[in-house]
2 protein chains.
Amino acid sequence: MTDVVRLLTRAQKLLRTATDSAMQEHGVRIGQNLVLEVLWDTDGLTPGDLAARLDVATPTVVNTAARMEAAGLLERRRDPDDRRLVRLYLTPKARAAEAPISAARREIAARALAALTPEELTHLENALTKIVTTLGGTRETTR
Amino acid sequence: MTDVVRLLTRAQKLLRTATDSAMQEHGVRIGQNLVLEVLWDTDGLTPGDLAARLDVATPTVVNTAARMEAAGLLERRRDPDDRRLVRLYLTPKARAAEAPISAARREIAARALAALTPEELTHLENALTKIVTTLGGTRETTR
DNA sequence: GTATGATCGTTAGCAGGCTAACGATTTGGA
DNA sequence: TCCAAATCGTTAGCCTGCTAACGATCATAC
């Protein structure tokens with residue numbers, strides 16, 4: 001029981017480390033990458049939106065966004081219609097990084113799972129889904 | 001591919017959160033728990049030893065140990081035979097916490113995996129082992 | 001029309017992880 | 001014997017997460 005949990009933790013750490021070091025070659029850290037992946041799809045979200053989509057606390061996004069702004073990856077603009085809101089817009093630099101970074105991400109995933117047969121992959125996905133469901137991570141996509 | 005990676009990350013985060021909040025009821029945080037689990041088995045290790053066993057950087061252990069010392073969970077003593085070394089010894093308070101904490105840990109693992117059949121559990125374990133092996137986490141127990 | 005309550009983002013402070021640089025000690029070789 | 005190299009733990013500084021408290025803005029009820 002607890003061994004499987006430990007294994008899962010270990011696998012995730014290896015994946016995280018590999019991903020982070022790959023991202024660094026593109027001038028980005030792993031947390032910033034998460035923000036990028038959402039903004040590449042839909043630009044102009046607020047820190048609160050991003051936090052909800054990434055399943056992370058708002059201050060985490062605020063801090064990460066501050067580092068990204070300093071790195072010239074995004075720009076924060078106050079929403080003119082609701083001055084409580086801040087909207088985050090990607091810079092051309094961040095746009096240019098999309099192709100190489102997402103390729104690197106796919107490559108790492110492929111490498112990590114290379115030893116698994118398609119059947120094993122399906123089993124793994126099902127097992128992980130069960131764990132997530134059990135622990136209440138319903139990940140409400142709606143709203 | 002990347003979805004499975006995301007799922008794995010998500011499952012691990014849920015597990016980590018659940019574990020940490022359970023540990024807090026016993027006055028311990030999750031990182032401190034890792035140190036405890038090793039020292040419960042073998043007391044008097046050095047920060048370097050612990051870091052190797054936990055697969056973590058030495059400064060991580062040093063900082064965690066400092067917090068644990070402040071919390072009255074352990075005591076650091078200089079090794080008289082080699083004054084470069086620091087040895088960490090658990091206090092009675094840390095000993096007393098062993099039974100309830102490890103029970104809580106087992107309970108969380110059981111709950112998280114409750115929806116899996118024994119067969120699925122085996123598949124999961126195999127799949128995770130393959131991932132860890134592929135990514136080079138050989139976890140050298142020897143030495 | 002205004003006061004109250006809700007909703008934002010931000011700040012402060014903490015835990016846990018990392019690398020790099022450093023000081024103290026020990027070891028080994030000349 | 002003594003000096004250089006190796007080996008420790010520590011410190012400093014960073015990134016990623018969290019909660020709690022706060023200030024600004026908006027919406028609503030009155």
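Lettering follows sequence order; numbering is per chain, from 1.
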Under 4.0 Å: is that the gap between some side-chain N or O of B:K13 and OP1 or OP2 of D:dC18?
yes

d(A:I131 CD1, B:L14 CG) to nearest 0.5 Å is 10.0 Å

Answer with base, sugar-phosphate or nothing: what part of the nucleic acid does A:R16 contact at a heavy-atom distance below 4.0 Å?
sugar-phosphate

Within this structure, what is the CG-to-P distance between A:D20 and D:dC14, rounded to whole angstrom?
16 Å

I need the CG-P distance between B:L50 and C:dG17, as an integer number of Å.
12 Å

Over-ring placement of A:R76 relative to A:Y89, 6.0 Å and 45° cut-offs:
no

What nucleotide among C:dT25, C:dG9, C:dT7 has an atom nearest to a side-chain atom of A:T58?
C:dG9

Side-chain donor-acceptor pair present, B:T46, B:D49, cut-off under 3.5 Å
yes

Between A:R95 and A:D43, does a salt bridge (Lys or Arg N to Asp or Glu O under 4.0 Å) hold up when you go through it step by step?
CA-CA 11 Å; A:R95 293 267 171 220; A:D43 210 13; 3.2 Å; yes

In terms of side-chain heavy atoms of A:N63, which of C:dT11, D:dT11, D:dG9 is nearest?
C:dT11

I need the CG-C1' distance between A:D82 and C:dT7, as an integer number of Å.
8 Å

Between A:E37 and A:R53, is there a salt bridge with N-O shorter than 4.0 Å?
no

First encountered from the 5' end of DNA chain D, between A:P80 and A:R67:
A:R67

Separation of B:L45 atom CG from D:dC8 atom P, in whole Å?
13 Å

Using atom CG of A:L34 as one end and atom P of D:dT16 as the other, report the distance to the nearest whole Å.
9 Å

Of the candidate nucleotides D:dC18, D:dC26, C:dT26, which contains the atom at the shortest distance from the side chain of A:V56?
D:dC18

Rounded to whole Å, CZ of B:R78 lies from P of C:dT25 at a distance of 8 Å

Indicate, with a heavy-atom threshold strictly under 4.0 Å, whether A:V62 touches base, sugar-phosphate, or nothing.
base

Has A:R76 got a side-chain N or O lying under 4.0 Å from the OP1 or OP2 atom of C:dT10?
yes

Report yes if some heavy atom in the side chain of B:V56 is under 4.5 Å from a heavy atom in the side chain of B:L50; otherwise report no.
no

Nearest-Å distance, CG (A:D49) to P (C:dC8)?
9 Å

Donor-acceptor pair under 3.5 Å: do we get one between A:R84's side chain and the base of C:dT7?
yes

Does a side-chain N or O from A:T46 land closer than 4.0 Å to OP1 or OP2 of C:dG9, or not?
yes

Let me know the distance between CG of B:L85 and P of D:dA6, rounded to the nearest Å.
18 Å

Considering only C:dG16, C:dT10, D:dG17, which nucleotide approaches the side chain of A:T60 most closely?
D:dG17

Which comes earlier along DNA chain C counting from the 5' end, the contact point of B:D81 or that of B:Q32, where each point is its nearest nucleotide?
B:Q32

Which nucleotide wins on minimum distance to the side chain of B:R83, given the candidates C:dT25, D:dT16, C:dT10?
C:dT25

